[in-house]
Novice: 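Would you mind keeping the following structure in view while I ask a few things?
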Amino acid sequence: MPRFSPRMQSTVVFLFGDNPRIDGSREVLGSGVLIGHNHPRYDPQQQFTRDTYAVTAAHVVRSGGSIIRLNTKDGGSRYIELDPSEWTFSEVDDVAAVDITERINDDDEIVVMHDSWLADKQVIDYYQIGIGEDGLALGLFSSLPGTRRNVITGRFGNVSLMADPGALINYARTLRPAHLFDMKSRPGLSGSPIFVYRTPSSDLRLIDQGPRHFADNNEYLQTQTYWRQRENTFVKLLGIHSAQYTDSVQVTRDHELAHEVNEPIRDGDHLRIPNSMSVVVPADSVKVLLSSQSFATVREKRNKDVEPCSESLLLERTIYSGWLPNRGY
């Protein structure tokens, strides 16, 4: 398992809602991630951002988790008070976002992912991302957000299925293409970012080439070249954790423990239970949402009056995902 920059944890925020059982208190309901649009004054290769969005699973916000908690540089945390109505929801997928550009300040301990982190179809095709890729999720563990500040946990696994229109997944009350990520998922990860990464030592495709002659369409040489290039080492945002995939199991009563089993579950009933497979909203859906007209209009308005910015603050909030291929910026 490779080491990751601890700064990746600072891209994650927690989502809270008012606790209906205890007046004046809040309960944690899920996780989210900070994604930014390219800063208009800088080259995309620098991966500096200006417009900043909090992104999570739509069902987290709809269940009341609209209030963002992020860490601060003084060792504490603070809330960004938001109502569910202030969030923008995807029309087709389990993802929601809100523009918090004017709500963050220099005292926030945050890192914002450049939108080139998004593993959309173009990135997936370029890197040939597929089954077996290593990855991780960062977010909330169960209902343990930390007392004074967000405590981020990681879960690790592999891609089991890439989103396929011919294999629709039932999640968030709809059938949609989704990635499946095999890891020990836990409650609280809803809205968490799911990352996929590759290192030169984790790519086994070279083995499949075999001892070919160099003149064989140069395929061996091409693979060797790709193997050594920096493009083969990257970390990208595969998507947003929506739910745990569920299985149907038949309940069979253990007659020796019958006195411990209460009705109404009956012998022979089928129950839906979660397994370790995570359903991941593809990054394409996140990209479409952030490209919506409502967000674009606000960005265009900001572009007309670009204020000076601190380059040291931009560096502080930037985290790199590897060399960027030409994506048409």
Novice: Out of curiosity, does Leu15 fall in the hydrophobic cluster containing Ile67 (side-chain heavy atoms, cut-off under 4.5 Å, transitive links)?
Specialist: no
Novice: When you check the gap from the basic side-chain N to the acidic O, do Lys287 and Asp120 get nearer than 4.0 Å?
Specialist: yes
Novice: Please determine whether salt bridge (Lys or Arg N to Asp or Glu O under 4.0 Å) holds for the pair Arg103 and Glu81, giving the CA-CA distance in whole Å, both sets of side-chain angles, and the decisive distance to 0.1 Å.
Specialist: CA-CA 10 Å; Arg103 296 174 182 261; Glu81 305 286 346; over 6 Å; no
Novice: Does any donor atom in the side chain of Asn303 or Arg50 lie under 3.5 Å from an acceptor atom in the other side chain?
Specialist: yes
Novice: Apply salt bridge (Lys or Arg N to Asp or Glu O under 4.0 Å) to the pair Asp134 and Arg198, showing each step before the final yes or no.
Specialist: CA-CA 7 Å; Asp134 294 312; Arg198 187 185 299 155; over 6 Å; no
Novice: Less than 4.5 Å apart, any side-chain heavy atom of Ile35 and any of Trp117?
Specialist: no
Novice: Return yes if some donor-acceptor pair links the side-chain N/O of Ser77 with the main-chain N/O of Arg148 below 3.5 Å, else return no.
Specialist: yes
Novice: When you compare the side chain of Ile110 with that of Ile104, does any pair of heavy atoms fall below 4.5 Å?
Specialist: yes
Novice: If every non-hydrogen atom of Leu289 is compared with every non-hydrogen atom of Phe295, which pair is closest and at what distance?
Specialist: O-CD1, 3.4 Å
Novice: Check for me, please, whether Ile240 and Phe14 land in the same ILVMFWY cluster - side-chain distances under 4.5 Å, paths through other members count.
Specialist: yes
Novice: Ignoring hydrogens and geometry, is there a side-chain-to-backbone donor-acceptor pair from Thr297 to Gln293 under 3.5 Å?
Specialist: yes
Novice: Over all heavy atoms of both residues, which pair between Met8 and Val235 is shortest? Give the atoms and the distance, please.
Specialist: CE-CG2, 4.3 Å
Novice: Quick one: does Val98's side chain get under 4.5 Å of Ile100's, heavy atoms only?
Specialist: yes
Novice: Is there a path from Met277 to Phe195 through hydrophobic residues (I, L, V, M, F, W, Y) whose side chains come within less than 4.5 Å of each other?
Specialist: yes
Novice: So do the side chains of Glu133 and Asn158 get within less than 4.5 Å of each other, counting heavy atoms only?
Specialist: no
Novice: Treat each ILVMFWY residue as a node, draw an edge where side-chain heavy atoms are under 4.5 Å apart, and state whether Phe89 and Val13 are in one component.
Specialist: yes
Novice: Quick check: closest heavy atoms across Pro84 and Ser66, and the distance to 0.1 Å?
Specialist: CD-OG, 3.3 Å
Novice: Measure the OG-CZ distance between Ser310 and Arg317 for me, rounded to the nearest 0.5 Å.
Specialist: 9.5 Å
Novice: Under 3.5 Å, is there a donor-acceptor pair between the side chain of Tyr320 and the main chain of Gln46?
Specialist: yes
Novice: What's the separation between atom CG in Asp51 and atom CG in Asn38, rounded to the nearest 0.5 Å?
Specialist: 9.5 Å
Novice: Just by modelled atom types, is the Glu316 backbone N or O under 3.5 Å from a matching donor or acceptor in the Arg7 side chain?
Specialist: yes
Novice: Testing the basics here: between Thr233 and Thr199, what is the closest heavy-atom pair and its distance to 0.1 Å?
Specialist: OG1-CA, 4.2 Å
Novice: Could you see if Tyr171 belongs to whatever hydrophobic cluster contains Leu29? Use Ile, Leu, Val, Met, Phe, Trp, Tyr and a side-chain cutoff under 4.5 Å.
Specialist: no
Novice: For residues Ser192 and Leu140, report the shortest heavy-atom separation together with the two atoms involved.
Specialist: OG-N, 4.3 Å
Novice: Quick one: CG on Leu313 to CG on Asp108, what's the gap to the nearest 0.5 Å?
Specialist: 9.5 Å
Novice: Taking atom types as modelled, is there a side-chain donor on Thr318 or His114 under 3.5 Å from an acceptor on the other?
Specialist: no
Novice: Out of curiosity, Asp115 CG to Tyr53 OH, how far, rounded to the nearest 0.5 Å?
Specialist: 9.0 Å
Novice: Identify the residue among Lys73, Arg149, Arg69 that makes a salt bridge (charged side-chain N to carboxylate O under 4.0 Å, His left out) with Glu109.
Specialist: Arg149
Novice: Looking only at non-hydrogen atoms, find the nearest pair between Val12 and Gly139 and report the distance.
Specialist: CG1-CA, 4.0 Å
Novice: Decide side chain to side chain contact (heavy atoms under 4.5 Å, CB included) for Glu91 and Val288; before the verdict, give the C-alpha distance in whole Å, the side-chain angles of both, and the deciding distance to 0.1 Å.
Specialist: CA-CA 10 Å; Glu91 297 180 357; Val288 169; over 6 Å; no
Novice: Is the Tyr197 to Phe234 ring centre distance short of 6.0 Å?
Specialist: no
Novice: Taking Met113 as the fixed residue, which of Val55, Leu118, Thr49, Leu237 is the one that meets the side chain to side chain contact (heavy atoms under 4.5 Å, CB included) rule?
Specialist: Leu237
Novice: Can a donor-acceptor pair be found, under 3.5 Å and without considering hydrogens, that links the side chain of Asp93 to the backbone of Val95?
Specialist: no
Novice: Would the distance check show the side chain of Ser242 and the main-chain N or O of Val279 forming a donor-acceptor pair, the cut-off being under 3.5 Å?
Specialist: no
Novice: Taking Glu102 first and then Arg302, would you say they form a salt bridge - that is, a charged N and a carboxylate O separated by under 4.0 Å?
Specialist: yes
Novice: State the CG-OG1 distance between Asp94 and Thr174, to the nearest 0.5 angstrom.
Specialist: 10.0 Å
Novice: Side chains of Pro282 and Arg176: closer than 4.5 Å at any heavy-atom pair?
Specialist: no
Novice: Report yes if the side chains of Ile169 and Leu180 come closer than 4.5 Å at any heavy-atom pair, otherwise no.
Specialist: yes
Novice: Check for a donor-acceptor pair, side chain of His179 on one end and backbone N or O of Ala163 on the other, with a separation under 3.5 Å.
Specialist: yes
Novice: Looking at Thr52 and Gly36, would you say the former's side chain and the latter's main chain have a donor-acceptor pair under 3.5 Å?
Specialist: no
Novice: Mind checking whether Arg155 and Leu136 have side chains closer than 4.5 Å, heavy atoms only?
Specialist: no
Novice: Report yes if some heavy atom in the side chain of Leu144 is under 4.5 Å from a heavy atom in the side chain of Val151; otherwise report no.
Specialist: no
Novice: Give a yes/no verdict on a cation-pi contact between Arg41 and Phe48, requiring under 6.0 Å between NZ or CZ and the six-membered ring centre and an angle within 45° of the axis.
Specialist: no
Novice: As an exercise, state the distance from CG of Leu161 to CG of Asp182, rounded to the nearest 0.5 Å.
Specialist: 11.5 Å
Novice: Closer than 4.0 angstrom, basic N to acidic O: yes or no for Arg26 and Asp18?
Specialist: yes
Novice: Do side-chain atoms of Gln128 reach the backbone of Asp125 as a donor and acceptor pair under 3.5 angstrom?
Specialist: no
